[in-house]
2 protein chains.
Amino acid sequence: MDDSARLDATFQALSDPTRRAILARLARDGDVSVMELAEPFAMSQPAISKHLKVLEKAGLVSRGRDAQKRPVHLEAQPLAEATGWLIDYRKYWQAQFGRLDDLLDELQKLEAAAGKN
Amino acid sequence: MDDSARLDATFQALSDPTRRAILARLARDGDVSVMELAEPFAMSQPAISKHLKVLEKAGLVSRGRDAQKRPVHLEAQPLAEATGWLIDYRKYWQAQFGRLDDLLDELQKLEAAAGKN
DNA sequence: CATATAAATAACTATATGGTTTTGTAACTG
DNA sequence: CAGTTACAAAACCATATAGTTATTTATATG
């Protein structure tokens with residue numbers, strides 16, 4: 001898989017709110033089993049397993065083994081690559097916020113208002 | 001469209017190499033007509049128009065009017081929001097970059113100065 | 001007015017995506 | 001060994017996506 005295809009897979013994986021929520025959960029709680037991940041969602045276990053397969057193909061998670069459980073682990077490398085792509089555009093989006101600290105302020109407002117996705 | 005849906009649309013728009021190339025072209029050359037955008041691709045004009053519709057729905061481009069031409073303009077706001085989402089994971093991906101460029105340096109300085117994290 | 005250019009729209013096709021329910025399997029437990 | 005838990009795999013369905021060719025619309029020009 002070349003760089004472009006990896007970015008395809010990463011952005012595609014990030015384009016679903018369930019998958020972003022899974023990543024957020026892993027960032028908060030560390031490794032989590034599939035059942036524990038599925039619990040908050042109004043969705044069947046196989047649906048979550050499918051989302052995990054998408055995340056795994058993008059390299060955003062890896063799987064371990066603990067008895068019957070397959071703990072899911074966050075892998076940040078693709079997030080770094082996606083960020084790297086976006087950083088090339090910073091001169092365009094920086095202007096939207098004026099200065100960097102304005103960006104941070106804006107982010108905090110967005111998160112406070114949205115309750116973090 | 002709420003924050004989550006906007007992120008969906010943004011990441012989904014960014015998940016295609018043709019659309020990323022279009023954004024890169026607009027960042028380099030400024031506003032560009034549809035025909036000029038289509039030229040480098042082995043793809044029909046309607047296919048490019050469809051990609052532009054995806055980008056426009058995500059708010060990543062806007063359209064002007066110049067005689068028959070509909071110049072395409074880069075809109076960076078959604079890139080800022082996507083970057084904002086990724087920045088929440090920086091502690092995971094920071095290690096991946098050796099020497100970071102000025103954005104991240106500045107981010108770290110700001111945070112250090114503010115006594116955060 | 002007739003024609004050319006730029007782009008959008010329509011109609012169609014093939015494949016991908018996101019969900020379901022059902023079934024299968026690997027590992028523990030009594 | 002029988003049952004349970006945790007998960008994956010299969011089969012199916014509806015909708016979305018990415019492309020095509022053909023047609024239409026808007027604007028400009030001879």
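Hydrogens, waters and symmetry mates play no part in the numbers below; they use all other heavy atoms, side chains included. Chain A is the first sequence line, chain B the second, and so forth, proteins listed ahead of strands; every chain is numbered from 1. Everything quoted here is computed from the prediction, not taken from an experiment.
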Problem - Contacts of type salt bridge (charged side-chain N to carboxylate O under 4.0 Å, His left out), residue D29(B), not counting sequence neighbours - result: R25(B)
Practice task
Round to a whole Å and report the spacing from CG of L52(B) to C1' of dA18(D).
Solution key: 14 Å
Problem - L74(B) backbone acceptor or donor facing Y92(A) side chain under 3.5 Å - result: no
Handout entry: NE2-CG distance between H51(B) and D16(B), expressed to the nearest 0.5 angstrom
Key = 4.5 Å
Exercise for the section: Search all heavy atoms of E75(A) against all heavy atoms of G59(A) and return the closest pair with its distance. Expected result: CB-O, 3.2 Å
Problem - Phosphate contact (dA8(C) OP1 or OP2) by R63(B) side-chain N/O below 4.0 Å - result: yes
Handout entry: Minimum side-chain heavy-atom gap V54(A)-L60(A) below 4.5 Å
Key = no
Practice task
On the 0 to 90° scale, with breaks at 30° and 60°, tag the F11(B)-W85(B) ring pair as parallel, tilted or perpendicular.
Solution key: perpendicular
Problem - Whole-Å distance separating the CD1 atom of I48(A) from the P atom of dA8(D) - result: 11 Å
Handout entry: Close approaches to DNA chain D from residues 25-38 of chain A, in residue order (heavy atom, under 4.0 Å)
Key = S33(A), V34(A), M35(A)
For nucleotides 28-30 of chain D, list the nitrogen or oxygen atoms of the protein found under 3.5 Å from its nitrogen or oxygen atoms, one pair per line.
| residue | atom | partner | partner atom | Å |
| --- | --- | --- | --- | --- |
| dA28(D) | O4' | Q68(B) | NE2 | 3.4 |

Practice task
Could you tell me whether the side chain of R20(A) and the main chain of L14(A) form a donor-acceptor pair under 3.5 Å?
Solution key: yes
Handout entry: Which atom of L23(A) lies closest to which atom of Y89(B), heavy atoms considered
Key = C-OH, 3.6 Å
Practice task
Can you tell me the distance, in whole Å, between the CZ atom of R70(A) and the C1' atom of dA27(C)?
Solution key: 11 Å
Problem - Separation of atom NZ in K53(B) from atom C1' in dG19(D), rounded to whole Å - result: 14 Å
Handout entry: Exercise: identify the closest heavy-atom pair between A13(A) and L55(A)
Key = CB-CD2, 4.2 Å
Exercise for the section: Just jot down the side-chain hydrogen bond (donor to acceptor under 3.5 Å, both in side chains) partners of S49(B), sequence neighbours excluded, or say none. Expected result: Q45(B)
Please write out the pairs of protein N or O atoms and N or O atoms of nucleotides 16-21 of chain C separated by less than 3.5 Å, giving the distance to one decimal.
| residue | atom | partner | partner atom | Å |
| --- | --- | --- | --- | --- |
| dG18(C) | OP1 | R19(A) | NH2 | 3.2 |
| dG18(C) | OP2 | R19(A) | NH1 | 3.0 |
| dG19(C) | OP2 | H51(A) | NE2 | 2.2 |
| dG19(C) | N7 | K50(A) | NZ | 2.9 |
| dG19(C) | O6 | K50(A) | NZ | 2.3 |
| dT20(C) | OP2 | S44(A) | N | 3.1 |
| dT20(C) | OP2 | S44(A) | OG | 2.7 |

Exercise for the section: Sort and list the pairs that fulfil salt bridge (charged side-chain N to carboxylate O under 4.0 Å, His left out) and have at least one residue in residues 44-66 of chain B, not counting sequence neighbours. Expected result: none
